[in-house]
Amino acid sequence: MSTVTLNNGVVMPALGFGVFQTPPAETKDAVTEALQSGYRLIDTAAAYGNERGVGDAIRESGLARDEVLIETKVWISDYGYDQTLHAFEKSSRKLGVDQIDLLLLHQALPGEFDKTLAAYRALETLLADGKVRAIGVSNFMRTHLDMLLAETEVVPAVNQIEVHPYFTQPDVQAADSEHGTLTQAWSPIGGITSYRGETATSTFADPSIVGIGERYGKTAAQVMIRWHLQEGRSAIPKSVKPERIRENFDVFDFTLTDDELHRIDALDKGVRGGPEPEAITLETFGRDIPEE
């Protein structure tokens with residue numbers, strides 16, 4: 001197991017398991033399989049609607065609470081100081097825990113950044129009160145980080161952004177590094193390239209990645225996960241298929257060369273698969289997060 005130390009001293013597994021788009025009815029079984037496979041970082045979000053399944057799987061796993069790091073995110077509809085404090089209560093209740101290990105703001109609200117700031121100040125309060133162990137952000141660009149840091153006290157421990165071989169966001173990664181913030185990759189194996197955009201080739205079929213994998217007897221997915229870990233990022237691949245869940249964790253028995261890392265870096269097409277961060281508004285993306 002590879003670990004990273006966050007800027008406040010919390011030690012976190014570098015490789016985690018994500019549940020974005022995992023149906024609530026399938027979440028418990030998927031997380032159970034992940035925990036049995038060796039994952040000890042589980043990433044979810046209030047907007048995914050499956051926090052309860054994550055909590056149930058962890059609670060019934062037989063693992064001690066401090067053996068599993070739980071990460072979740074506050075959705076933009078719950079931004080604002082009091083609203084975000086309440087969002088923590090909703091998430092902790094669904095997860096069935098008193099303390100959340102890592103709590104992130106899911107997006108910036110560029111047109112209403114005052115709400116983003118108020119939400120982050122609530123995270124700072126939760127951190128000071130011991131209700132969370134670390135705080136951070138997701139989908140924040142350099143300008144968002146600069147505006148946040150100019151008005152708040154705690155440097156984000158994590159910035160979770162879209163990173164895969166076809167979209168590496170080097171400027172955001174550099175900004176994270178400058179501030180001592182860990183870059184965590186969502187869609188780390190480029191799953192988004194298989195169902196969004198007009199790219200003819202997905203990362204899973206890229207000849208360079210497949211060719212590197214053949215040298216080690218590994219799949220393209222395993223090569224991409226190894227690439228993230230060796231370049232110092234956290235990665236949170238997702239799947240509901242037991243064989244894929246296990247496969248994505250089997251990445252600790254080979255090492256990519258510097259040349260191979262550079263070859264993967266060079267595949268960047270600069271094309272975002274997710275929504276443009278500057279386009280995030282409450283009118284377009286707002287949704288009520290249920291109490292239970």
Side-chain angles (χ1 to χ4, degrees), residues 1 3-14 16-19 31 35 39-48 50-108 115-138 140 145 148-160 176 179-184 234 236 289-292:
M1 171 68 74
T3 62
V4 290
T5 301
L6 302 181
N7 59 17
N8 68 345
V10 170
V11 177
M12 183 180 84
F17 182 71
V19 295
V31 174
L35 293 172
Y39 294 87
R40 292 296 181 267
L41 163 63
I42 308 297
D43 172 78
T44 182
Y48 300 168
N50 55 20
E51 289 173 310
R52 188 172 301 281
V54 169
D56 288 346
I58 293 171
R59 189 165 48 256
E60 296 176 22
S61 69
L63 295 167
R65 172 65 188 89
D66 62 4
E67 291 185 63
V68 182
L69 194 144
I70 300 174
E71 176 178 9
T72 192
K73 309 176 213 46
V74 178
W75 188 239
I76 57 174
S77 303
D78 283 336
Y79 283 9
Y81 186 81
D82 291 336
Q83 296 93 323
T84 300
L85 292 178
H86 184 62
F88 163 82
E89 298 295 339
K90 288 193 288 186
S91 287
S92 63
R93 187 162 58 245
K94 292 170 189 175
L95 289 164
V97 297
D98 295 324
Q99 184 187 61
I100 292 173
D101 298 295
L102 178 57
L103 186 60
L104 311 182
L105 298 187
H106 207 143
Q107 301 272 358
K115 290 184 178 179
T116 306
L117 291 172
Y120 194 78
R121 291 186 181 111
L123 297 193
E124 291 180 316
T125 296
L126 292 166
L127 180 67
D129 291 346
K131 293 185 177 181
V132 299
R133 297 176 61 215
I135 61 175
V137 296
S138 181
F140 272 50
L145 290 170
L148 182 78
L149 290 167
E151 300 290 340
T152 57
E153 299 296 326
V154 179
V155 175
V158 167
N159 185 13
Q160 186 186 112
D176 290 344
H179 297 303
T181 297
L182 174 71
T183 297
Q184 185 178 64
S234 171
I236 46 171
I289 302 300
E291 290 291 326
E292 300 295 341

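Here the OG1-CD distance, from Thr84 to Glu89, works out to 12.0 Å after rounding to the nearest 0.5 Å. Taking OG1 of Thr5 as the start and CG of Leu182 as the end, the distance is 10.0 Å to the nearest 0.5 Å. Rounded to the nearest 0.5 angstrom, Gln83 CD and Lys90 NZ are separated by 10.0 Å. Taking CZ of Phe88 as the start and OG1 of Thr72 as the end, the distance is 11.0 Å to the nearest 0.5 Å. The NE2 atom of His106 sits 9.5 Å away from atom CD1 of Ile289, with the distance rounded to the nearest 0.5 Å. To the nearest 0.5 Å, the span separating CD1 on Ile42 from CG on Leu102 amounts to 13.0 Å.
Scored by the side-chain hydrogen bond (donor to acceptor under 3.5 Å, both in side chains) test, Ser138 finds no partners at all (sequence neighbours excluded). With sequence neighbours excluded, the residues that form a salt bridge (Lys or Arg N to Asp or Glu O under 4.0 Å) with Glu292 are Arg52, Arg93. Residues satisfying the ring-ring contact (aromatic ring centres under 6.0 Å, His included) criterion with Phe140, sequence neighbours excluded, are His144. Residues passing the salt bridge (Lys or Arg N to Asp or Glu O under 4.0 Å) test with Asp176: none are found, sequence neighbours excluded.
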Which donor-acceptor pairs under 3.5 Å do side chains of residues 61-71 form with protein atoms, sequence neighbours excluded?
unit_1	atom_1	unit_2	atom_2	d
Ser61	OG	Ile58	O	2.7
Ser61	OG	Leu63	N	3.1
Arg65	NH1	Val68	O	2.8
Arg65	NH1	Asp101	OD2	3.2
Arg65	NH2	Gln99	O	3.0
Arg65	NH2	Asp101	OD2	2.9
Glu67	OE2	Ala64	N	3.0
Glu71	OE1	Gln184	NE2	3.1
Glu71	OE2	Gln160	NE2	3.3

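With hydrogens and angles ignored, the 3.5 Å screen pairs a side-chain donor or acceptor of Asn7 with a backbone N or O of Gly180. A donor-acceptor pair is defined here as one N or O able to donate and one able to accept, closer than 3.5 Å; such a pair exists between the side chain of Arg121 and the backbone of Glu151. Side-chain N or O atoms of Asp43 include none that pairs as donor or acceptor with a backbone N or O of Gly16 at under 3.5 Å. The backbone N or O of Ile100 lies less than 3.5 Å from no partner atom in the side chain of Arg133, so there is not a single donor-acceptor pair. Distance alone, capped at 3.5 Å, places no donor-acceptor pair between the Thr183 side chain and the Asn159 backbone. With Tyr39 contributing its side chain and Gly18 its backbone, the two residues share no donor-acceptor pair below 3.5 Å. Judged by distance alone, with hydrogens and angles left aside, the side-chain atoms of Lys73 form a donor-acceptor pair with the main-chain N or O of Thr44 at under 3.5 Å.
Proximity of Tyr120 to Val154: side-chain heavy atoms (C-beta onward) are separated by under 4.5 Å at one or more points. Between Leu123 and Val132 there is no side-chain heavy-atom pair separated by less than 4.5 Å.
Between Tyr79 and Leu105, the shortest heavy-atom contact is OH-CB, 3.3 Å. For the pair Thr116 and Ala108, the tightest heavy-atom approach, listed with the atom from each and the gap, is OG1-C, 4.1 Å. Nearest heavy atom pair, residue Pro13 against residue Leu41, reads O-CD2, 3.4 Å. Here the closest heavy-atom approach between residue Asn50 and residue Ala45 is recorded as OD1-O, 4.5 Å. Residues Val4 and Ala14 approach most closely at CG1-CB, 4.0 Å, considering heavy atoms. Closest approach of Pro290 to Lys94, counting heavy atoms only: O-NZ, 2.7 Å.
Among Thr181, Val158, Ile135, the one residue that satisfies the side chain to side chain contact (heavy atoms under 4.5 Å, CB included) test with Leu6 is Val158.
Among residue pairs with one or both ends in residues 122-132, those qualifying as side chain to side chain donor-acceptor pair (under 3.5 Å) are Tyr81-Thr125; sequence neighbours excluded.
For Ser91 and Glu51, the side-chain atoms include at least one donor-acceptor pair closer than 3.5 Å.
Heavy-atom contacts from other residues, nucleotides or ligands closer than 6.0 Å to CD of Glu153 number 12 or fewer.
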